[in-house]
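What follows is a single structure, written as structure tokens, with notes after it.
Chain naming here is simple, since letters A, B, ... match the order of the sequence lines and numbering starts at 1 in each. Remember, it's a predicted structure, so these values are computed and weren't measured experimentally.
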Number of protein chains: 2
Amino acid sequence: MSETIVEPRWRRIPEERPRQILEAALEVFAERGLAAARLEDIAKLAGLSKGTIYLYFATKEDLFREVIRTSVVAFIARAEAFFEAEPDPVHSLTAWMEGYWGWLRSPVFPAMHRLVNTELRSFPDLASFYTTEVIERAQRLVREMLERGMDAGQFRRMDPQVAARMLSSLFVTHAMWYHQRDCFKAIKDVGDDVLLAQIREFFFNAMRPEAPNAPNSRLK
Amino acid sequence: MSETIVEPRWRRIPEERPRQILEAALEVFAERGLAAARLEDIAKLAGLSKGTIYLYFATKEDLFREVIRTSVVAFIARAEAFFEAEPDPVHSLTAWMEGYWGWLRSPVFPAMHRLVNTELRSFPDLASFYTTEVIERAQRLVREMLERGMDAGQFRRMDPQVAARMLSSLFVTHAMWYHQRDCFKAIKDVGDDVLLAQIREFFFNAMRPEAPNAPNSRLK
DNA sequence: GCTTTATTAATGACTGGTCGGTAAGTTACG
DNA sequence: CGTAACTTACCGACCAGTCATTAATAAAGC
């Protein structure tokens, strides 16, 4: 956990407060999840008292919602950029992977992931926000890139929906392993850029076109 | 949540109690995670009162540990069987996948997965038990099957460790999506056997040997 | 300038509800 | 009765959320 920055107490710049609180909250939520995070810890990390948080956010859930929302919005914006950047599917997909991987490695993702895996049923509105605004949007993006690549013969033909799912699958798990690499020796010494490269190579290999004359003996 | 089976209250068969409690606990832990699970809910589901649980398990953590341990032991045992069953790598790997997928779809897995993702730091001993006894053991198994397949020319050459990781990655994420399919429309209508087939096909495609004369233009 | 009053930012002691854990009590059976 | 199996009522710790109070500053009056 990073150190509190204690500034003089009467700063007269309350406009900064929400951002400071959100930053601290992200760190604590990322570390402990929603239920286990204590408001007092967030306050301490932001150099404030618990009561102050309630001047800016109505409830703990509200704070959490806002943390996630701001972070995800940032990601979506970045994603849209990649979409329009490159016409070549392989290049745009590579760029997408890099951006995605960057986001996954930020502390927002574990928080988000925990939410999705454990605390979704307590936040139905956030859940649907997440599925439509993040998952489906991202999946559609990837799917379209893959489809273009298939049309161009750069990828083998398969259900692009499924391929997109496989891609996310690889990234999501590896990101979680990355975030817990002190517990998983298997990942510990592998650099994060190496991990990305491994995923990329593996995925492109899975998508490489069938050689026209190769025997596909094994696959029933 | 499944319905309580209320039997006559004085059964005089206390030997059954631990198993009943463990069963109920698994269900509740799987649904809510460790921290959010209430002993009283477990008790009610087992048709008992909270106090009774403490006649058989010292603490909540203890109960959780035992739930995980018994379930994992069952899985390990099954895994060992697959290992020795088949000499042909593709077949044994297929069998392994089927067994793995079966376990992943059981309610133990989400509980385990949540533990690993969110509550590990509270259970250092369970964490190390899990990494050495489950992850590493399973990874070694898969790695060996893959190595044999590479030697036989059935798979392309690559770091088998990495390939094993990719395989787990695909399975783990898909399993979690499967368990939450009511939230994820993308998965909702896909049968679980279809999901397995998709993963299998994708993985085998990623591992298929390079065609000797195919141009590998795209991959720098 | 100096004092008084008003306003704003922030605090921390307190409340109320929840739940893990315990101990006294209850029921059935030999 | 005695004892095994289980229940019920309770305790205490914890923590989200509240609110009376304090500290800093600005504005007004002289």
Rounded distance (Å) that lies between atom P of dT7(D) and atom CG of L55(B): 9 Å
Could you tell me how the ring of F202(B) sits relative to the ring of F202(A): parallel (under 30°), tilted (30 to 60°) or perpendicular (over 60°)? perpendicular
Show the distances under 3.5 angstrom between N or O atoms of the protein and N or O atoms of nucleotides 12-18 of chain D.
from	atom 1	to	atom 2	distance (Å)
dA16(D)	OP1	A37(A)	O	3.0
dA16(D)	OP1	K60(A)	NZ	3.3
dA16(D)	OP2	L39(A)	N	3.2
dA16(D)	N7	K50(A)	NZ	3.0
dG17(D)	OP2	Y54(A)	OH	2.9
dG17(D)	OP2	K60(A)	N	2.8
dG17(D)	O5'	Y54(A)	OH	3.4
dG17(D)	N7	K50(A)	NZ	3.0
dG17(D)	O6	K50(A)	NZ	2.7

Rounded off to whole Å, could you give me the CZ-to-C1' distance for the F57(A) and dA9(C) pair? 16 Å
Is it true that E23(B) and R19(B) make a salt bridge, defined as a side-chain N closer than 4.0 Å to a carboxylate O? yes
Classify the ring geometry of F109(A) against H113(A): parallel below 30°, tilted from 30° to 60°, perpendicular beyond 60°. tilted
Please check if the side chain of W177(B) supplies one atom and the backbone of V172(B) the other of a donor-acceptor pair under 3.5 Å. no
Counting only side-chain N and O atoms of S49(B), is one of them less than 4.0 Å from OP1 or OP2 of dT8(D)? no
Looking at E61(B) and R65(B), is any side-chain nitrogen of the basic one under 4.0 Å from a carboxylate oxygen of the acidic one? yes
Where does the angle between the aromatic ring planes of Y100(A) and F171(A) fall among parallel (under 30°), tilted (30 to 60°) and perpendicular (over 60°)? tilted
To the nearest angstrom, how far is I53(B) atom CD1 from dG20(C) atom P? 9 Å
Give the rounded distance in Å between these two atoms: CD1 of I21(A) and P of dA9(C). 12 Å
